[in-house]
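This one's a predicted model, so the numbers in the text were calculated from it and none came from an experiment.
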Amino acid sequence: MKHMPKFLSRWQPGSKTHTPKRRRQLILMAAAGVVIAAIFIIFAVSRAQNTLVLPMQWSNKNMAYTDTDQTAMRTPDAFTSGLCVGENSTTGSDITLQGNESGALFSLDDKKVLFSHDMYKKIYPASITKIMTAIVALKHGNMDDTVTINWQDVELESGSQVAGLAIGDQVTMSALMNGMLVHSSNDCAQAIAHHVGGTMDNFVAMMNEELTELGCTGSHFTNPTGLHDDNHYTTVYDIYLMLNEALKYDTFVSIMQTSVYAMNITSASGASRTIQLDSTDHYLTGEETAPQNVTVLGGKTGTTSAAGNCLALASQNAYGQYYISIIE
């Protein structure tokens, strides 16, 4: 398989993606109310039309199923056939936004936009950018390749979220992908970009070409990390298109459900070490719990001073229906 009101506070800036752990926790706690409020509106409508079928039990922490039928959760069609299309902002919804925030809730089964507010407005994506970095890497790269880390990969502004790679380290592309998506590590994203694109400029060109192919007409990217640049922007709807595309890839779906990743590294001297990287998604780490009948499958978080706090999630309700929810 290649497959809200944003009451997020605007914290005092740090010009980096995903800085303090507490900030990430508060992001997800606030975003949880958005996702859940929207999904329970759907429950109210669905109860009048459907017989309740308990969803397949899914463990985010160890990625194990407790139901014998594992195909329903992993069929590509459940995530990706057709696209949701809707107005910039919906009316008559009980969901409201605060300030200049944008958001939308997409029903992947019905192909409907259930809620939207300024979903075509220009916004800064922060580390949600890494969804596109992953798409390009999965499409053009080889996850079995071994990458040697160079100085360009680790040259990042102070305070950036990193895995802790050093010049001369050797790491597989698969490990870099996990580091980038699980821990939102910027050094991993840059190493991926240099390896797949040859140069950063070439990889960024590949990102923008992929944006065009997906129909992301409101987006333009300048880097693979999401660190702020005035010319690095997107829209809520384009983020939906990106996440919808990323969910077509088994590798992406597997990684987005990973709570902790052990990265194996061989240093320039030949010594081996392992770095434990925790997920930035606190639903996966067990620090936050989704309400009954709501399963958060995973997604991507992002934070910069300019973008504020961003979240794109894939989730499932009690009837086995899939949703993408985005807040910016």
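- Atom CG of Asp187 and atom OG of Ser160 lie 9.0 Å apart (nearest 0.5 Å).
- Without hydrogens or angle criteria, His117 side chain to Ser89 main chain gives no donor-acceptor distance under 3.5 Å.
- Just one residue in the list Thr199, Asn202, Asp153 forms a side chain to side chain donor-acceptor pair (under 3.5 Å) with His194, and that residue is Asp153.
- At least one donor-acceptor pair under 3.5 Å links the side chain of Ser116 to the backbone N or O of Glu87.
- Considering OG1 of Thr148 and CD1 of Ile167, their distance stands at 12.0 Å, rounded to 0.5 Å.
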* Could you walk me through whether Tyr124 and His228 pass ring pair (Phe, Tyr, Trp, His ring centres under 6.0 Å), step by step? => CA-CA 8 Å; Tyr124 298 119; His228 183 71; 4.5 Å; yes
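- Between Ser102 atom OG and Ile327 atom CD1 the span is 11.0 Å, to the nearest 0.5 Å.
- At least one side-chain heavy atom of Arg273 sits less than 4.5 Å from a side-chain heavy atom of Ser267.
- In terms of heavy atoms, Ala193 sits closest to Met200 at CB-SD, 3.8 Å.
- Residue Lys130 comes nearest to Asn186 through the heavy atom pair NZ-OD1, 2.6 Å, listed as atom of the first residue, atom of the second, then distance.
- Across every non-hydrogen atom of Gly164 and Ile275, the tightest pair is O-CD1, 4.1 Å.
- Using a distance-only test at 3.5 Å, with no hydrogens or angles considered, no donor-acceptor pair links the side chain of Asp145 to the main chain of Met173.
- Side chain of Asp238 to main chain of Gly218: a donor-acceptor pair is present (N/O by atom type, distance under 3.5 Å, no hydrogens or angles).
- Checking side-chain atoms of Gln161 against main-chain N and O of His183 turns up a donor-acceptor pair under 3.5 Å.
- With contacts defined as side-chain heavy-atom distances shorter than 4.5 Å, the pair Glu328/Asp118 does not qualify.
- Thr280 and Ser184 share no donor-acceptor pair across their side chains, judged by distance under 3.5 Å alone.
- Taking every heavy atom of both residues into account, His195 and Thr146 meet most closely at CE1-O, 4.3 Å.
- Counting only distance, with no hydrogens or angles, the side chain of Thr258 and the backbone of Tyr261 share no donor-acceptor pair below 3.5 Å.
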* Start with the C-alpha gap between Leu83 and Phe106, add the side-chain angles, then the distance that decides, and say whether side chain to side chain contact (heavy atoms under 4.5 Å, CB included) holds. => CA-CA 9 Å; Leu83 291 172; Phe106 304 88; over 6 Å; no
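- Using a distance-only test at 3.5 Å, with no hydrogens or angles considered, a donor-acceptor pair links the side chain of Thr133 to the main chain of Pro224.
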* To do: Apply side chain to side chain contact (heavy atoms under 4.5 Å, CB included) to Met256 and Lys300, showing your working.
  => CA-CA 8 Å; Met256 81 171 189; Lys300 191 73 193 74; over 6 Å; no
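- Side-chain N/O atoms of Thr225 and Asn223 include a donor and acceptor closer than 3.5 Å.
- Between Val182 and Leu284 the shortest side-chain heavy-atom distance does not fall below 4.5 Å.
- Note: Thr295 OG1 to Tyr323 OH = 12.0 Å, rounded to the nearest 0.5 Å.
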* Asked: Going through the distances and angles, do Met177 and Leu138 end up as a side chain to side chain contact (heavy atoms under 4.5 Å, CB included)?
  -> CA-CA 9 Å; Met177 187 73 77; Leu138 289 166; 3.8 Å; yes
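- With Tyr240 contributing its side chain and Cys84 its backbone, the two residues share a donor-acceptor pair below 3.5 Å.
- Although no hydrogens or angles enter the test, the distance criterion places no donor-acceptor pair under 3.5 Å between the side chain of Asn264 and the main chain of Ser272.
- Taking 4.5 Å as the limit, some side-chain heavy atom of Val85 sits within range of a side-chain heavy atom of Tyr237.
- No salt bridge links Lys139 with Glu245; every basic N to acidic carboxylate O contact stays at or beyond 4.0 Å.
- In this structure, CG on Leu277 lies 7.0 Å from SG on Cys188, to the nearest 0.5 angstrom.
- Residue Leu114 holds its CG atom at 5.0 Å from OG of Ser107, rounded to the nearest 0.5 Å.
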* To do: Apply side chain to side chain contact (heavy atoms under 4.5 Å, CB included) to Thr234 and Ile123, showing your working.
  => CA-CA 5 Å; Thr234 188; Ile123 54 175; 4.1 Å; yes
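- Using a 4.5 Å heavy-atom cutoff, the side chains of Leu214 and Asn244 are not in contact.
- Scanning both residues, Ile135 and Met242, for their nearest heavy atoms gives CD1-O, 3.4 Å.
- Between Leu243 and Ala314, the closest heavy-atom pair is CD2-N, 4.4 Å.
- Put simply, the side chain of Glu210 does not reach to within 4.5 Å of the side chain of Met207, judged on heavy atoms.
- Put simply, the residue from Asn178, Leu165, Thr274, Thr172 that forms a side chain to side chain contact (heavy atoms under 4.5 Å, CB included) with Met263 is Leu165.
- Remark: side-chain polar atoms of Asn317 are not paired, donor with acceptor, to backbone N or O of Val294 under 3.5 angstrom.
- Between His232 and Phe221, the ring-plane angle classifies as parallel under the 30° and 60° cut-offs.
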